[in-house]
Amino acid sequence: MLRRALPARPEARRILLGTLLSAIGRGLTLPFLFIYLTDVRGLTDNQAGLVIGWFGAVTLALSPLGGTLIDRFGARRVVLPCLAIEAVGTGSLALVDSIGTAFAVSTLIAIGGSALWAGQTTILASLTGDGERQRVFGLQFALLNLGIGVGGLISGAVVDIARPVTFQAIYLLDALSYLTPGLILLTLPHVGHRLVQAPTAAARSAGGYLTVLRDRPFRRLVIFGLVLTTCGYAQIEVGFTAYSVRVVEVTPRVVAWALACNTVMIVLAQLLVIRRMEGRSRTRALAAVGAVFAAAWLVLGAAGLVGTGNALVAALGVVACAAIFGFGETMLSPVMPALTNALATDELRGRYNAMSSMIFGISGIIGPVTAGPLLGAAHGRLWVAVVVGGCLAASALALSLRPLLTAAQDGRTAPAPATQPQPVVA
């Protein structure tokens, strides 16, 4: 299954290797930023929350510009400097000593990260054909989670609040990890350049994001993504954790085990899932994702009803919720970028991928804002009802997208062979 999932071109395989190596570095630091800023650097909880929120806001604001630059100059000329900026910013976290420096470093990291996902997705899409993109994007997601999991295990055994140097070390290692995909890209001089624009495409590209937004199928896909991620991904950090601790009344250790189980599910199931999804409707797969996410939240709600009456069953419910959610992620991760790039044109591919990545930024703001007040007011059951209803509404939106797509775009037939676009080295 692994051999089948690997892309045909060696350049794409090397890009995936860079994803894995950088993800290990990301996993070193991902769980610890809030703890580092508060318990090690002395910021208050509110100050740390503002710093993290500021990072999300700046990233979201700059993402559209990143898509435009990718289309205009090529992903290579955007990704390489962004990786360098991200490396400098992440390494600078080791030197943070005040709220001012925390905001400055957060801004630098946000600038570097604003176009990275869209740029790397565009590069990978340019190196793969329509028939293999779904498998490759699924493999990319599995490698990303594998790397984060490995990094998290390493840092969990090393960091110590009483020894700030341990946190400084992992941030410096994370900074170095951002350089690895950059070094790999530098060894591929013909990868990531601006694609040739056919004469008939010039008129379509003139409208920029307006042209992208006029694409009715993609517009429907964006709405689906916003609803699903707001009621799905965006709830993991706040809604899932708060409900598990405050309503189900499990310990934070159980939550940590649940998130670890989520990662294991993704790594073990991803290759099997992408194999089973080949030749099947992408819109139906997206609808199934909404149903699986809804099932995960229902299991969590049931754990809340059990509560302290049976602590073991309640804990198993929390872990099962995370595992079921991870299974849904294995279906979403290959289909969403594959469908985005099936709808995109070469001259606007950067903008399509930038808009797709913005879905997670927007929902990341909406999700916590809605979950916090509901759970804070002790409306746990209402929160469960809202997220379950939202996931099922997303399933309906996915099914409504099917008539707007061709069979090839929906993944029901093998796409016609297409020649790889020739890069313009300017």
Side-chain angles (χ1 to χ4, degrees), residues 1-7 12-13 16-17 19-20 23-24 26-27 30-31 121 124 128 131-153 224-225 228-229 231-237 240 244 254-300 303 315-340 360 387-388 391 394-395 398 411:
M1 286 189 292
L2 177 59
R3 283 198 301 268
R4 181 172 177 78
L6 286 172
R13 298 183 184 190
L16 289 175
L17 175 62
T19 297
L20 174 62
I24 293 174
R26 187 76 184 98
L30 184 62
T121 302
L124 200 55
T128 53
E132 63 177 346
R133 279 181 190 149
Q134 187 164 293
R135 297 194 304 270
V136 172
F137 284 130
L139 178 60
Q140 180 191 36
F141 185 69
L143 293 174
L144 181 66
N145 278 273
L146 175 62
I148 289 175
V150 171
L153 288 174
F224 157 82
L228 182 73
T229 55
C231 299
Y233 276 105
Q235 300 298 331
I236 290 293
E237 187 172 353
F240 169 75
S244 299
V254 173
V255 175
W257 276 108
L259 295 177
C261 188
N262 171 270
T263 300
V264 171
M265 170 63 79
I266 292 170
V267 173
L268 294 181
Q270 185 68 84
L271 293 179
L272 178 62
V273 169
I274 58 178
R275 181 182 178 185
R276 296 287 296 174
M277 287 173 59
E278 287 187 23
R280 300 178 185 272
S281 169
R282 288 169 175 164
T283 50
R284 287 184 178 176
L286 293 177
V289 173
V292 171
F293 282 2
W297 297 137
L298 285 173
V299 169
L300 185 65
L316 290 175
V318 172
V319 173
C321 168
I324 295 169
F325 195 91
F327 182 75
E329 291 179 81
T330 64
M331 291 190 287
L332 179 66
S333 60
V335 172
M336 193 75 176
L339 185 50
T340 296
F360 293 90
V387 293
V388 168
C391 291
S395 294

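Across all non-hydrogen atoms, the minimal contact from M336 to G225 is CE-CA, 4.0 Å. In terms of heavy-atom proximity, V318 sits nearest to S244 at CG1-OG, 3.6 Å. When every heavy atom of G317 is checked against every heavy atom of A303, the shortest pair comes out as CA-CB, 4.0 Å. Between A322 and A258 the shortest heavy-atom distance is CB-O, 3.1 Å. Taking both residues in full, the closest heavy atoms of A285 and V335 are given as CB-CG2, 4.2 Å, listed atom of the first, atom of the second, then distance. In plain terms, the two heavy atoms of T283 and A398 that are nearest each other are CB-O, 3.4 Å.
Residues that satisfy the side-chain contact (heavy atoms from CB on, under 4.5 Å) test with R13, not counting sequence neighbours, are L6, P7. Scored by the side-chain contact (heavy atoms from CB on, under 4.5 Å) test, L146 finds L20, V150, V267 as partners (sequence neighbours excluded). In terms of the side-chain contact (heavy atoms from CB on, under 4.5 Å) criterion, A295 has no residue partners (sequence neighbours excluded).
Looking at Q270 and L139, their side chains never come closer than 4.5 Å, going by heavy atoms from C-beta outward. Taking 4.5 Å as the limit, every side-chain heavy atom of L144 sits out of range of all side-chain heavy atoms of I266. At a threshold of 4.5 Å between non-hydrogen side-chain atoms, the residues V387 and F293 do not count as touching.
Pairs passing the salt bridge (Lys or Arg N to Asp or Glu O under 4.0 Å) check and including a residue from residues 279-288, sequence neighbours excluded, do not occur. Sequence neighbours left out, not one pair with a member in residues 286-298 passes side-chain hydrogen bond (donor to acceptor under 3.5 Å, both in side chains).
Of the residues L339, T340, T128, the one that meets the side-chain contact (heavy atoms from CB on, under 4.5 Å) test with R133 is T128.
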Below 3.5 Å, can you tabulate the donor-acceptor pairs from side chains in residues 323-332 to any protein atom, sequence neighbours excluded?
residue	atom	partner	partner atom	Å
E329	OE1	Y233	OH	3.2
E329	OE2	N262	ND2	2.9
T330	OG1	F327	O	2.5

Checklist entry - Are L16 and L124 close enough, and set up right, to give a side-chain contact (heavy atoms from CB on, under 4.5 Å), and what steps lead you there? => result CA-CA 8 Å; L16 289 175; L124 200 55; 4.0 Å; yes
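A donor-acceptor pair under 3.5 Å is absent between the side-chain atoms of R26 and the main chain of I148, judged by distance alone. With hydrogens and angles ignored, the 3.5 Å screen pairs no side-chain donor or acceptor of T19 with any backbone N or O of Q140.
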